[in-house]
**Q** 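One structure, pasted below without further comment.
Being a predicted model, the structure only gives us computed values, none of them experimental.
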Amino acid sequence: MTSETPVRKVVLAYSGGLDTSIILKWLQDTYGCEVVTFTADIGQGEEVEPARAKAKELGVREIHIEDLREEFARDYVFPMMRGNTLYEGEYMLGTSIARPLIARRLVEIARATGADAIAHGATGKGNDQVRFELGAYALEPDIRVIAPWREWDLNSREKLLAYAEQHGIPVEGKQHGGGSPYSMDANLLHISYEGGVLEDPWAEPEEGMWRWTTAPEQAPDQPLYLDIAFEGGDPVAVDGERLPPAELMEHLNRVAGAHGVGRDDLVENRYVGMKSRGCYETPAGTVLLKAHRAMESLTLDREVTHLKDELMPRYATVIYNGYWWSPERHMLQAAIDASQTTVNGTVRLKLFKGSVAVVGRSSESDSLFDEAVATFEDDAGAYDQKDAEGFIRLNALRLRTAARRHRP
């Protein structure tokens, strides 16, 4: 479909907030088309049903509201966590990993409803426009994508509010000069904050900004111990209680957040070229990353561990930049998943005032830790220390040869 082809029906990723409510009306007026709304519950912690009433008030006849929490945790977050994935050494990709699921459902709903296009509310300055659209094109190469922020002139909050007032768009709790000073995104894995005072990378975040985590100074004075069980690289139980993926993450968000775990403040390199400062709360993700690495330390071969660590930055960049549905991500995922068959057992963690420490790990079936070999006590001949001499001499051969050649 070309950009000149009339749009009869478009599927909009709709939250019911200020931006997407205005986009809904703008699409109706600008394109003269029918708008289908899609609202996803991926654990943002807010009621999504009010979006239905708002959409109806704006004349929408086809409204899709879906609980995708379990699918999001099981099929997106957990596969990513198997890779111990961090972008630029810090960011746990909470926003990035949600976009491929939303893009997939947008495309599927467009097919099911006979829509000509999809639309999103991502700005022209951010990464999300890339993630939504790369995902959509990978799944439906001829889909048309409408990105209002790249077309309209409503480029400030005041203009958006004026448009809403002019067109009678109900945007509860949003007044001129009011509302949250931050741009926020939330799901089961994290909540992010950008804008406001955070646009100055020297400014410390205001304590009142944080929503999920207790300030470490105010966290309980007694530590919390958690036992997390893994099967095939995925967490399956906490303190002996088996939990489905979404419920497991919700539980860890609550208990880890209460102990001040999961805050991060970083400057990242966006795919579109600029640096951006953001703050994140990722309680469950912080705990699971620490636990998963500990489980792998006991059950993975040394060279497999090191190879995974080499692949991780590339895998993280692929996800951050929006290539979840690409052939390279599928290839990397296959390699990561193949390494996880032996990642089985339990890790014990100690949470205390914002910190997470590993204090124990056990695997009855797959531990590669041999106490008879590793002990500093009498090993009864399990390891012949004399063997180390030849090992060292062989590995030193090239170093000694070079040193002799370049000796002054």
Side-chain angles (χ1 to χ4, degrees), residues 9-24 27 35-56 58 60-80 92-113 115 117-123 126-140 143 145-149 183-192 211-212 244-250 253 280 282 284-285 319 322 324-325:
K9 183 185 287 189
V10 59
V11 181
L12 169 65
Y14 181 67
S15 69
L18 174 64
D19 290 6
T20 55
S21 293
I22 289 172
I23 287 171
L24 198 166
L27 287 169
V35 178
V36 177
T37 61
F38 164 56
T39 305
D41 181 358
I42 49 176
Q44 52 265 50
E46 297 176 352
E47 180 60 52
V48 295
E49 274 299 322
R52 187 186 305 277
K54 293 179 182 179
K56 283 183 177 179
L58 289 167
V60 177
R61 292 181 297 174
E62 292 188 66
I63 299 169
H64 297 259
I65 296 179
E66 300 179 1
D67 184 347
L68 300 176
R69 288 174 295 175
E70 193 65 23
E71 182 178 356
F72 175 56
R74 181 191 66 233
D75 298 340
Y76 295 83
V77 176
F78 281 13
M80 182 179 73
M92 299 191 70
L93 298 167
T95 299
S96 314
I97 194 59
R99 297 327 186 207
L101 172 56
I102 295 172
R104 181 176 67 79
R105 289 302 297 138
L106 282 171
V107 167
E108 290 172 347
I109 293 169
R111 289 175 184 156
T113 61
I118 62 172
H120 61 76
T123 76
N127 295 309
D128 280 345
Q129 59 180 336
V130 182
R131 295 165 181 154
F132 283 132
E133 294 177 38
L134 288 178
Y137 290 133
L139 298 167
E140 188 64 65
I143 193 74
V145 180
I146 300 174
W149 279 95
S183 172
M184 297 183 293
D185 176 78
N187 58 49
L188 279 174
L189 184 55
H190 87 158
I191 183 169
S192 66
R211 297 192 175 195
W212 286 6
E247 191 174 338
L248 185 145
M249 292 190 68
E250 289 169 346
N253 276 329
Y280 301 90
T282 320
I319 296 173
W324 178 264
W325 300 109

**Q** Which heavy atom in I146 sits nearest to a heavy atom in A117, and how many Å separate them?
**A** CD1-CB, 4.2 Å

**Q** Quick one: does M184's side chain get under 4.5 Å of S192's, heavy atoms only?
**A** no

**Q** Are side-chain heavy atoms of V60 and L24 found at a separation under 4.5 Å?
**A** yes

**Q** If you define the side chain from C-beta out and look only at heavy atoms, does anything of F38 sit under 4.5 Å from R105?
**A** yes

**Q** So which of T282, T95, N253 actually passes side chain to side chain donor-acceptor pair (under 3.5 Å) with H190?
**A** T95

**Q** Please report the interatomic distance CG(D41) to CD(E49), rounded to the nearest 0.5 Å.
**A** 9.5 Å

**Q** Which heavy atom of L58 sits nearest a heavy atom of S21, and at what distance?
**A** CD1-O, 3.9 Å

**Q** Determine whether a donor-acceptor pair (N or O, by modelled atom type, separation under 3.5 Å) exists between the side chain of E66 and the backbone of L68.
**A** no

**Q** Compare all side-chain heavy atoms of E62 with those of T37 and state whether any distance is below 4.5 angstrom.
**A** no

**Q** Of all the heavy-atom pairs spanning R74 and P79, show the shortest one and how long it is.
**A** O-CD, 3.2 Å

**Q** Show your reasoning for whether side-chain contact (heavy atoms from CB on, under 4.5 Å) applies to I118 and F132.
**A** CA-CA 10 Å; I118 62 172; F132 283 132; over 6 Å; no

**Q** Is the closest side-chain heavy-atom distance between Y14 and H64 below 4.5 Å?
**A** no

**Q** For the CG atom of D75 and the CD atom of E70, what is their distance to the nearest 0.5 Å?
**A** 9.0 Å

**Q** Any chance you could lay out the ring pair (Phe, Tyr, Trp, His ring centres under 6.0 Å) test for W325 and Y137, step after step, and finish with the verdict?
**A** CA-CA 9 Å; W325 300 109; Y137 290 133; over 10 Å; no

**Q** How close do S15 and A51 get, heavy atom to heavy atom, and via which atoms?
**A** O-CB, 3.9 Å

**Q** Does the pair R69 and E247 meet the rule for a side-chain contact (heavy atoms from CB on, under 4.5 Å), with working shown?
**A** CA-CA 9 Å; R69 288 174 295 175; E247 191 174 338; over 6 Å; no

**Q** Quick check: closest heavy atoms across P100 and S96, and the distance to 0.1 Å?
**A** CD-O, 3.2 Å

**Q** Looking at Q129, R99, R131, E133, which hits side chain to side chain donor-acceptor pair (under 3.5 Å) with H120?
**A** E133

**Q** Main chain of G121, side chain of W149: is a donor-acceptor contact present, judged purely on distance under 3.5 Å?
**A** yes

**Q** Please walk me through it: do W324 and R104 pass side-chain contact (heavy atoms from CB on, under 4.5 Å)?
**A** CA-CA 11 Å; W324 178 264; R104 181 176 67 79; over 6 Å; no

**Q** With side-chain contact (heavy atoms from CB on, under 4.5 Å) as the test, pick out the partner of V10 among V36, V145, T113, L27.
**A** L27

**Q** Please confirm whether the backbone N or O of V48 pairs with a side-chain atom of T39, one donor and one acceptor, at under 3.5 Å?
**A** no

**Q** Report yes if the side chains of I42 and L101 come closer than 4.5 Å at any heavy-atom pair, otherwise no.
**A** yes

**Q** Report the C-alpha separation of F72 and M249 in whole Å, then their side-chain angles, then the decisive distance to 0.1 Å, and conclude whether the side-chain contact (heavy atoms from CB on, under 4.5 Å) test is met.
**A** CA-CA 11 Å; F72 175 56; M249 292 190 68; 6.0 Å; no

**Q** Give the minimum heavy-atom separation between N187 and A98, together with the two atoms involved.
**A** ND2-CB, 3.6 Å

**Q** Give a yes or no on whether a salt bridge exists between E108 and R111, defined as a side-chain N under 4.0 angstrom from a carboxylate O.
**A** no

**Q** Report yes or no: does Q44 contribute a side-chain atom to a donor-acceptor pair with the main-chain N or O of A40 at less than 3.5 Å?
**A** yes

**Q** Quick one: OH on Y280 to CG on L189, what's the gap to the nearest 0.5 Å?
**A** 11.5 Å

